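Below is one structure, written out as structure tokens, with a few remarks after it.
What you see is a predicted model, and the numbers here were worked out from it, not measured in a lab. Just so you know, these numbers use all the heavy atoms, side chains as well, and skip hydrogens, waters and symmetry mates.
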Amino acid sequence: MAIITPSLPKGTRDFLPQQMVKRQFVIKTVQEIFELYGYEPLETPSLEKLKVLSGQYGDEGEKLTFKVLRRGTGLEELLSGREEFVIKDYGQLVDEALRYDLTVPLSRVVAMHQSDITLPFKRYQIQPVWRADRPQKGRYREFYQCDIDAVGTDSRLADAETIAIVYSVLSTLGFKSFKIRINNRGLLNGILEFAGVEENQRTPVLIAIDKLDKIGFAGVEREILAAGLGSGKVKEILDILALEGPAETLLAEVSMRCQGVAAVNSGVEELTEVLKYLQLLGVPEDKVKLDFYLVRGLGYYTGLIQESVITEPKIGSLTGGGRYDRLIGKFLGRDIPACGVSFGIERIIDVMDELNLFPEIKTKTEILVSTFDASTQASSIAFAQKARNAGIKAETYFSASKLKKQFTLADRKHIPYVIVIGPDEMQQGRVTLKNMATAEQIGLSEEEAIAYLLKQRH
RNA sequence: GUGGGCGUAGCUCAAUGGUAGAGCCCCAGAUUGUGGAUCUGGUCGUUGGGGGUUCAAGUCCCCUCGCUCACCCCA
């Protein structure tokens, strides 16, 4: 018999129960924290119209967007009477795409449902996104994002809250050595303006600046020069990027150097305000680092930008976000200010695994109720139902068989307790409860057993 | 899109061009009311696919597919 060789599309994964327990642990944690700050849930379709997504993510993002072939008559009409297709025609073959992130769908939702949405709209969204990227460590083609965004406010408190939430999530999950890097797009632009960089030259310069950590000052200098800037301008930019010290000092220094550049002044002002709010929100100073060379790739950011990184292991950023005051306007015709942050839950899980931050839970099932033989099966089923009614997660062994096999099953599945109801127990109206970790075994009434199990949860 | 590494049993990996193996896993038994340890036995393969060289190819050559890591970019 010919079998179908089982395989998965590149960059996608199955999540087996033991992994799902971990994933749900992380998702539950972030969800609870999101709700603590007053964010509400939202889901959107996997598919979006291509015209909604295109042009939002830059050239690179465009290439990485999974596009969906037209279907049915649409495709037939397109192809009818044509002998061949040329590369130029590919664009017409597709009309929809898998969502690339959660921010653009949010903007669409806000524009489409104005009458149902009260501003400021604070929503969280935990759903997969797709990118036609070449996978590598910590990078997948299908992965979950957890986003929070506050739409309809330009308050710096909203920006500060997203940073506070990042801090809260990462520290609650057990991360110790992380830093939240912040910067401001307006400030960056102001610095470039001060250095006399023309508008149309800024993107390559920003991309070069973003790589500072990786390629060093010499590398950045080389790339900026390659972008066609004079060496005088390059020096002015690099001098500012090289500034070190506490945030307040940096801000004072940069506003002094760039006197008279409005964008710099307002950027400094915004960052100062955000820092003030972070203090009120109780975010430790040493967790937040002002980095003038933080850029972030996505084109739509306009104000504060942030990303969180850990030093060990080296895996790139865990979260990232910022303010995007002009994105929603693309769908609405008038701008609505917004800011948000995205949690890279896949990387968070990978890193937590590597750092051993997960609690030792391998299954959610609490007891296996064994089935001794046909005459006792009814008692086992009845006890399992009693336990379930008390909220205990119980699995019943489906058919009477050797206890050995039943205990082996509990062991394999890491179920912590096994209940045995054999002829002896049945006669006495009691059950035997075995702790799989300690091998201790006690005889209890059914009620006592259930009370005991509930107590073990601590 | 560019460059490197690797494809042998379910998993991790062996095998100077000369009979495809080990450990783990799994199944059964030792042990007819009890898992993990030990012992015994057992199941498991078109060596990713195709072609070539050779008396002989897992091994050498070519093509192809897949995985993986890095770059670009990004979560």
With both distances under 3.5 angstrom, what nucleotide forms a Watson-Crick or G-U wobble pair with [N]?
{"N": "C11(B)", "result": "G23(B)"}
{"N": "C67(B)", "result": "G5(B)"}
{"N": "A28(B)", "result": "U40(B)"}

Problem set entry | Position toward the 5' end of RNA chain B (nearest nucleotide), S342(A) or L8(A) |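 Checking each residue's closest nucleotide, the 5'-ward one belongs to L8(A).
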Exercise. Given that I421(A) and R412(A) both sit by RNA chain B, which one's nearest nucleotide is further toward the 5' end?
Worked result: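 Result of the comparison: R412(A).
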Any side-chain N or O of [X] below 4.0 angstrom from OP1/OP2 of [N]?
{"X": "K211(A)", "N": "C73(B)", "value": "yes"}
{"X": "R141(A)", "N": "A75(B)", "value": "no"}
{"X": "Q136(A)", "N": "C69(B)", "value": "no"}

Heavy atoms, side chains only, cut-off 4.5 Å: are [X] and [Y] in contact?
{"X": "R123(A)", "Y": "D149(A)", "answer": "yes"}
{"X": "F175(A)", "Y": "L318(A)", "answer": "yes"}
{"X": "Y293(A)", "Y": "D210(A)", "answer": "no"}
{"X": "I182(A)", "Y": "I305(A)", "answer": "no"}
{"X": "Y417(A)", "Y": "E366(A)", "answer": "no"}
{"X": "D95(A)", "Y": "R70(A)", "answer": "yes"}

Whole-angstrom distance between [N] and [M], as gauged at atom [atom1]:
{"N": "A30(B)", "M": "G35(B)", "atom1": "P", "answer": "12 Å"}
{"N": "U54(B)", "M": "U68(B)", "atom1": "P", "answer": "38 Å"}
{"N": "U46(B)", "M": "U8(B)", "atom1": "P", "answer": "12 Å"}
{"N": "U43(B)", "M": "C72(B)", "atom1": "C1'", "answer": "48 Å"}
{"N": "C25(B)", "M": "U38(B)", "atom1": "P", "answer": "8 Å"}

Between [N] ([atom2]) and [X] ([atom1]): distance, integer Å:
{"X": "R13(A)", "N": "U68(B)", "atom1": "CZ", "atom2": "P", "result": "11 Å"}
{"X": "L433(A)", "N": "G33(B)", "atom1": "CG", "atom2": "C1'", "result": "16 Å"}
{"X": "I345(A)", "N": "C74(B)", "atom1": "CD1", "atom2": "P", "result": "22 Å"}
{"X": "D101(A)", "N": "C73(B)", "atom1": "CG", "atom2": "P", "result": "19 Å"}
{"X": "R296(A)", "N": "C74(B)", "atom1": "CZ", "atom2": "P", "result": "8 Å"}
{"X": "I215(A)", "N": "C73(B)", "atom1": "CD1", "atom2": "C1'", "result": "14 Å"}

What's touching nucleotides 36-44 of chain B from the protein side, N or O pairs under 3.5 Å?
{"from": "G36(B)", "atom 1": "O4'", "to": "D411(A)", "atom 2": "OD2", "distance (Å)": "3.3"}

Exercise. What about R131(A), does its side chain sit under 3.5 Å from the base of C73(B) through a donor-acceptor pair?
Worked result: no
Exercise. Below 3.5 Å, does any donor atom in the side chain of Q441(A) face an acceptor in the base of U34(B), or the other way round?
Worked result: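 Indeed, a donor on one side and an acceptor on the other fall under 3.5 Å apart.
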Exercise. How close do E395(A) and I415(A) get, heavy atom to heavy atom, and via which atoms?
Worked result: OE1-CD1, 3.8 Å
Using a 4.0 Å heavy-atom cut-off across all strands, classify [X] as base, sugar-phosphate, or nothing.
{"X": "K63(A)", "result": "nothing"}
{"X": "I207(A)", "result": "sugar-phosphate"}
{"X": "K413(A)", "result": "nothing"}
{"X": "F372(A)", "result": "base"}
{"X": "Y140(A)", "result": "base"}

Exercise. Taking atom CZ of R326(A) as the centre, does the number of heavy atoms from other residues, nucleotides or ligands within less than 6.0 Å exceed 12?
Worked result: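 No, CZ of R326(A) has 12 or fewer neighbouring heavy atoms, counting only those of other groups under 6.0 Å.
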Problem set entry | Trace of the side chain to side chain contact (heavy atoms under 4.5 Å, CB included) decision for T371(A) with Q377(A) | CA-CA 5 Å; T371(A) 300; Q377(A) 188 183 35; 3.7 Å; yes
Exercise. Would you call D353(A) and K22(A) a salt bridge, using N to O less than 4.0 angstrom?
Worked result: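 The answer is yes: the pair qualifies as a salt bridge.
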Exercise. Q427(A) side chain to D424(A) main-chain N or O, any donor-acceptor pair under 3.5 Å?
Worked result: no
Problem set entry | RNA chain B-proximal residues of residues 424-432 of chain A, any heavy atom under 4.0 Å |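 Listed by number, they are D424(A), E425(A).
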Problem set entry | By side-chain contact (heavy atoms from CB on, under 4.5 Å) - contacts of V21(A) (at least two apart) | I361(A), K364(A)
What donor-acceptor contacts under 3.5 angstrom involve side-chain atoms of residues 28-35 of chain A, with partners at least two apart or in another chain?
{"from": "T29(A)", "atom 1": "OG1", "to": "F25(A)", "atom 2": "O", "distance (Å)": "2.8"}
{"from": "Q31(A)", "atom 1": "NE2", "to": "Y124(A)", "atom 2": "OH", "distance (Å)": "3.2"}
{"from": "E35(A)", "atom 1": "OE2", "to": "Y124(A)", "atom 2": "OH", "distance (Å)": "2.6"}

For this session: Using a 4.0 Å heavy-atom cut-off, write out nucleotides 4-10 of chain B from 5' to 3' as B (base contacted by protein), S (sugar-phosphate only) or - (no contact).
Result: -------
Listing, residues 163-171 of chain A side-chain donor-acceptor contacts under 3.5 Å, not counting sequence neighbours, or none:
{"from": "S171(A)", "atom 1": "OG", "to": "Y167(A)", "atom 2": "O", "distance (Å)": "2.7"}
{"from": "S171(A)", "atom 1": "OG", "to": "S168(A)", "atom 2": "O", "distance (Å)": "3.4"}

